[in-house]
There are 4 protein chains.
Amino acid sequence: MKIKAEIIGGSGYIGGELLRHLLFHPNVEIIGVTSIKHIGQKISTIHPNLFGVTDMVFESDDVKKIKNCDIVFFALPHGLAMEKVKQIDLSRIKVIDMSADFRLRDVSIFESTYKIKNTAGSLLNQFVYGLPEINRDQVVNARLVASPGCFPTGAVLALYPLIQSGLSTGSVIIDSKTGSSGSGNTPSETTHHSERDHDFKAYNIFNHRHQPEIVQTLSEYGKLDIEVIFTPHSAPMVRGIFTTAYAFLEKESTTGALEALYKKFYKESLFIRFVEQSRSSVVMGTNYCDIAIHVQGKKVIVTTAIDNLVKGGAGQAVQSMNLMFGLKETKGLEFPGLHP
Amino acid sequence: MKIKAEIIGGSGYIGGELLRHLLFHPNVEIIGVTSIKHIGQKISTIHPNLFGVTDMVFESDDVKKIKNCDIVFFALPHGLAMEKVKQIDLSRIKVIDMSADFRLRDVSIFESTYKIKNTAGSLLNQFVYGLPEINRDQVVNARLVASPGCFPTGAVLALYPLIQSGLSTGSVIIDSKTGSSGSGNTPSETTHHSERDHDFKAYNIFNHRHQPEIVQTLSEYGKLDIEVIFTPHSAPMVRGIFTTAYAFLEKESTTGALEALYKKFYKESLFIRFVEQSRSSVVMGTNYCDIAIHVQGKKVIVTTAIDNLVKGGAGQAVQSMNLMFGLKETKGLEFPGLHP
Amino acid sequence: MKIKAEIIGGSGYIGGELLRHLLFHPNVEIIGVTSIKHIGQKISTIHPNLFGVTDMVFESDDVKKIKNCDIVFFALPHGLAMEKVKQIDLSRIKVIDMSADFRLRDVSIFESTYKIKNTAGSLLNQFVYGLPEINRDQVVNARLVASPGCFPTGAVLALYPLIQSGLSTGSVIIDSKTGSSGSGNTPSETTHHSERDHDFKAYNIFNHRHQPEIVQTLSEYGKLDIEVIFTPHSAPMVRGIFTTAYAFLEKESTTGALEALYKKFYKESLFIRFVEQSRSSVVMGTNYCDIAIHVQGKKVIVTTAIDNLVKGGAGQAVQSMNLMFGLKETKGLEFPGLHP
Amino acid sequence: MKIKAEIIGGSGYIGGELLRHLLFHPNVEIIGVTSIKHIGQKISTIHPNLFGVTDMVFESDDVKKIKNCDIVFFALPHGLAMEKVKQIDLSRIKVIDMSADFRLRDVSIFESTYKIKNTAGSLLNQFVYGLPEINRDQVVNARLVASPGCFPTGAVLALYPLIQSGLSTGSVIIDSKTGSSGSGNTPSETTHHSERDHDFKAYNIFNHRHQPEIVQTLSEYGKLDIEVIFTPHSAPMVRGIFTTAYAFLEKESTTGALEALYKKFYKESLFIRFVEQSRSSVVMGTNYCDIAIHVQGKKVIVTTAIDNLVKGGAGQAVQSMNLMFGLKETKGLEFPGLHP
């Protein structure tokens, strides 16, 4: 079986990672890749790692092409997919959107967060949040998937089993550190090499757009009454999100006990690795999430390391696709990372 | 006036930074610099930035030389200064120790933390903790100073005014990120370039040696009953400690109100800069601590950025020296950092 | 068909990359992996990227195991393979050595270069230099292969077609820049993160051990009378060798003409990519060598970018193995690199 | 004495470094700093390292202010200073221009290189090239100085004594490696952190704008008949230019002999340090040029390390100013670099 896939918006870093994975996926045939700015250009001029791997060129949107697809991936800036998806025959064609358009259930929160009018209408509730580790069954049965943001992936995977268990107070602090690729491939002052290299800083304190997504996911699928402080930081590296999550137990426990809880919860999740020390470089290029758990009395610290463009982006979307089409969840995603 | 200074243990990174500052200090004459491993070698072979600046060579310890000093700086590994200091005529000669030997008041905590027998005896209580921003008067009158650790400097400067005000609950979470120079100049696996570059990780969770120092300083000088979670991280950079400190107010407040509190507290502290965004690269090479304050209801996030080898090491020691000798606190420390 | 492979010395960076490739090679079964220092330890404790990928442990050398192999890879420090290889039944088992032991034809040059007694004896001449792009036929028929050094790979691929053509003067200057992983995983002063990060330097000028290998390969397989200046540099990155090679034509020519020459020469070499600009990051994790050619009158500049651990190490060895066993040369080596 | 200085165009990286040096120069008073884009903004919002150091704001150009100056520094994009300088009373006010406007003697070469009409007219010949190490006397007597480009500084200091001696063939190859700050503070694709970090590449091969400046300076002041190949590279670091210069002697010589020649030539040049190994990180933030010389028979390799923004930019301009005003050449430039 070959799944026919179309990529709408393939010139960003997430689009590039989607291409890297789908080009080597044994069950996928890429029908087309669109771009707004690079129509007619070879994909490999924008994604030089794919030079010699594919001769495809970026195309403009073409409804006919999409008609022949089994799945459409959207890797567009926020606010565009919610309109474009309406042109697709959703009775036959599956969709995975990697923007924020269909992630937040509450339209008013979406609009105040992203400063974009939400025109998704009734489609919004048809989208399933695509984080298989916490809602695999829903993803398996989904036709439309909203793939999670990068920070929420690292944060939710660190905290979900604990929140869901009811053992914690519900107050959590999430201190996240990201590489520069999370800002995409458009140059800006904060990603200017001379400014970013050997610099560490926090940004959007109390005010980052991924905060509502984290709250929603931990609340909706876990314990209802939670309080989240989320602080993103810029680290001087390209790839990776390292998350340090602080939580508090109602009763004292141990590292061993909590590890057992997490291992049970994630027992079917092949991309979760329990490690003594999470390291961002070790998961680079992979779909793994490396989790380390530490308990001292009532205090819990869980760290996760993911590649923001893979498990926090394109890899996670491929993982959802695998499930939606009845494939093994790890298909096309098995390759290990690099070390060093 | 020229203060005659001897440096015991000048071949490490902290020793090098002490030399960089003292060689250009208008009121200091360096009498000698000792080393265990590099006796007879030119200082500039170990600290290449000082090539052409000084022709001094590393010497062995020499009691006679020290007799002619006004001040002795110890930049030795933990556990050595507590013995060596006994050979000095402390009635005439001042001492600043940059190891942990005289920082912790409680001998049993010191010994369980550093796995070293504490032989300081009655000397211990004669040492003043050298963090002028919180105890300037004590430093001014001190003859013996225990200069703070790098993480405690960043953490305490972030939280002390708040803890001291009594407005917070006393529970704090300190999430710190350091560059590799904090590990010194002895090669090891964790500072091997191929392992450290583009990697981010936490280490010594619930278990770092600077934790008791932070607790003691916030407790002794501030509110007595506090609870501290401290998590150090390795960031892929050479210099700098970025600290994200989380605290909680008893009553809701605002960023403006807390900033006013901090500005009042630090009004005489010329190395404290209040900024919108702390950035580790901006303080590189300087004695500044850049503080940014954020309040949302009862939640407080204070970030600080320091250079671990300067404000978190040698610069802070020079600052204490200035005060101990009646000089302007900023003498020899005014030079700005580099940007970019 | 499954080729049974043994790895002797699998705990270094080259050993790790060999494991990464062979574990996913569709035609290879790894029989065992040895180590001197890590016997009994899980491979994934040393190569954390392989955690969850393999449960193998490092073993001590075991002659029986090797008896059942089809091929033995040596990834040992220089000087060890030349003895160990004698214990192997070379009539049945193929060998690829990744050290320098069998690279240099002239024993005296080897001994003065590596300061090691060469005890290979008659075996030396049975080894084929494993750079398929220039001697594919020999590798196809080889039973014993000496896999090239990292710098020589980048340098020879840049210059060989030109030298072989006879169009150049034979005088070349090779200015190479390497990442820190080329120094292996043993910490040292030159690979200490604080020293290596944001530093650029040249080393072993006129005196690097790869110089004779470059001279031999360009001479033996190409034009006899050549003069080589080779200057290695340390760049502040982990992976990659970027080579800038300068040569001089007897008669004026053009970029187009020389490109045509190179394309013809490398027409069967699927890992050679002709690009407008070689970039070290683009080939990271891959077996590609990205070549860019520039001609101005009689002056030629050819740049190459390779991953020192893959095309300059383990990947190249796998490429030779593929040829030695009649497999497609690219088997197990097709995966693209990461971008960014 | 206080020299009254005006900075025209102070918001770039070179402008920032000029401010860093002049604010601490004991003989300089900064009268004003202009900017086109940032009029009215505090200088420290653009140069955060100067926060707390100066409260000055960027101003628009003001002819009256300039009237009261002793010297005007131009740190504008190429092509602007040649017009603006005409508004200044050059009989009373000295000028140092840090753009390329007055560097090239040949108008046609300037225009074909920079694609800008050269309107300097008779002013052009009145400007002295400000590289004191090779033409100190001219700079001492200059009223108008064209401060050198960053690459030419590193290249010319590496080769000038040799070229001038007449001992070499006159053919040189200059392989230079620069940090990202050389591209200024305007974000672009080539300085986007995700693209630049861990990447090494060559650019503008046979075609860089600094080539004619290098040729002119080596020819005009040294041997007339020289041939230069100059290849710039982007290294993954912020500051520093490392230059590897290859030259060839007419007769065999030794490292010692050539070192003696260079030491004699540079005997009054306090910013030249002769080292065993040039390292870019060691000169960071300083005006030093660290030179290492290697000879093998007729082959010569000279390496230099400079900070592109200091010795290759603002520091060099301050050095010229010192000479033009009869001050000690090193005034305000003595501070050592950082290590690590």
Side-chain angles (χ1 to χ4, degrees), chain C residues 171 173-179 190 192-207 227 229 231-244 246 248 255 275-282 284 290 292-303 305 338-340, chain D residues 171 173-179 190 192-207 227 229 231-244 246 248 255 275-282 284 290 292-303 305 338-340:
Chain C
S171 282
I173 292 178
I174 300 162
D175 192 285
S176 298
K177 300 88 176 174
T178 184
T190 57
H192 192 49
H193 182 271
S194 293
E195 299 293 331
R196 179 78 178 235
D197 190 59
H198 68 255
D199 193 35
F200 197 95
K201 58 173 183 276
Y203 65 101
N204 291 357
I205 290 181
F206 290 133
N207 196 28
E227 186 167 30
I229 297 176
T231 313
H233 299 76
S234 294
M237 58 193 190
V238 173
R239 285 192 182 227
I241 289 180
F242 186 95
T243 301
T244 312
Y246 300 87
F248 304 91
T255 299
V275 296
E276 288 188 22
Q277 185 179 44
S278 312
R279 291 176 60 187
S280 70
S281 68
V282 168
M284 223 173 81
D290 282 3
I293 294 169
H294 305 264
V295 178
Q296 189 186 62
K298 293 182 176 176
K299 292 174 267 181
V300 177
I301 298 177
V302 182
T303 62
L338 302 180
H339 177 255
Chain D
S171 282
I173 293 179
I174 299 161
D175 192 285
S176 297
K177 301 87 176 173
T178 185
T190 56
H192 192 50
H193 182 271
S194 294
E195 300 292 331
R196 178 76 179 237
D197 190 59
H198 68 253
D199 193 35
F200 197 94
K201 58 172 184 274
Y203 64 101
N204 291 356
I205 290 181
F206 290 132
N207 195 28
E227 186 167 31
I229 297 177
T231 314
H233 299 76
S234 294
M237 58 193 187
V238 174
R239 285 194 181 225
I241 289 180
F242 186 94
T243 301
T244 312
Y246 300 87
F248 304 92
T255 298
V275 295
E276 287 187 23
Q277 185 179 43
S278 313
R279 292 178 59 188
S280 70
S281 68
V282 168
M284 223 174 81
D290 281 3
I293 295 170
H294 305 264
V295 178
Q296 188 186 62
K298 293 183 177 176
K299 291 174 266 179
V300 177
I301 299 178
V302 182
T303 61
L338 302 180
H339 176 255

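Note on naming: letters A, B, ... go to the chains in the order of the sequence lines (proteins, then strands), and numbering restarts at 1 for each one.
Proximity to chain D (any heavy atom under 4.5 Å) is shown, for A202(C), by both the backbone and the side chain. Interface residue Y246(D): only side-chain heavy atoms are found under 4.5 Å from chain C. Contact of E227(C) with chain D is made through the side chain alone, with heavy-atom distances under 4.5 Å. Heavy-atom distances place the side chain of K177(C), and not its backbone, under 4.5 Å from chain D. For chain D, the nearby parts of S194(C) are the backbone and the side chain; heavy atoms of each come within less than 4.5 Å. Proximity to chain C involves both the backbone and the side chain of I301(D), based on heavy atoms less than 4.5 angstrom apart. For Q277(D), the part lying near chain C is the side chain, with the backbone staying farther off; criterion is any non-hydrogen pair under 4.5 Å.
Put simply, of Q296(D), H339(D), M284(D), E276(D), the one with the most heavy-atom pairs under 4.5 Å next to chain C is Q296(D). Between chain D and the options D197(C), T231(C), I241(C), heavy-atom pairs under 4.5 Å are most frequent for T231(C). When each of P236(D), S280(D), G240(D), S278(D) is scored by its heavy-atom pairs under 4.5 Å with chain C, the top score falls to S280(D). Chosen from T244(C), T303(C), V282(C), the residue pairing most often with chain D at heavy-atom distances under 4.5 Å is T244(C).
Here the straight-line distance linking atom CG of N204(C) with atom NE2 of H294(D) works out to 10.0 Å at 0.5 Å rounding.
Proximity of the aromatic rings of H233(D) and F200(D) is defined here by a centroid distance below 6.0 angstrom, and this criterion is met.
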Requested in this report: Decide side-chain contact (heavy atoms from CB on, under 4.5 Å) for T178(D) and Y203(D); before the verdict, give the C-alpha distance in whole Å, the side-chain angles of both, and the deciding distance to 0.1 Å.
Outcome: CA-CA 11 Å; T178(D) 185; Y203(D) 64 101; 3.8 Å; yes

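D199(C) meets the side chain to side chain donor-acceptor pair (under 3.5 Å) test with R279(D), S281(D); sequence neighbours excluded. Applying the side chain to side chain donor-acceptor pair (under 3.5 Å) rule to H192(C) yields the partners T191(B); only residues at least two apart in sequence or on another chain are considered.
H198(C) is not listed as a side-chain neighbour of R239(D), based on a closest heavy-atom distance of 4.5 Å or more. In this structure, I293(C) and V295(C) have side chains that are in contact, with non-hydrogen atoms separated by less than 4.5 Å.
Under the 3.5 Å distance criterion, the side-chain polar atoms of S176(D) are left unmatched by any main-chain donor or acceptor of P232(D).
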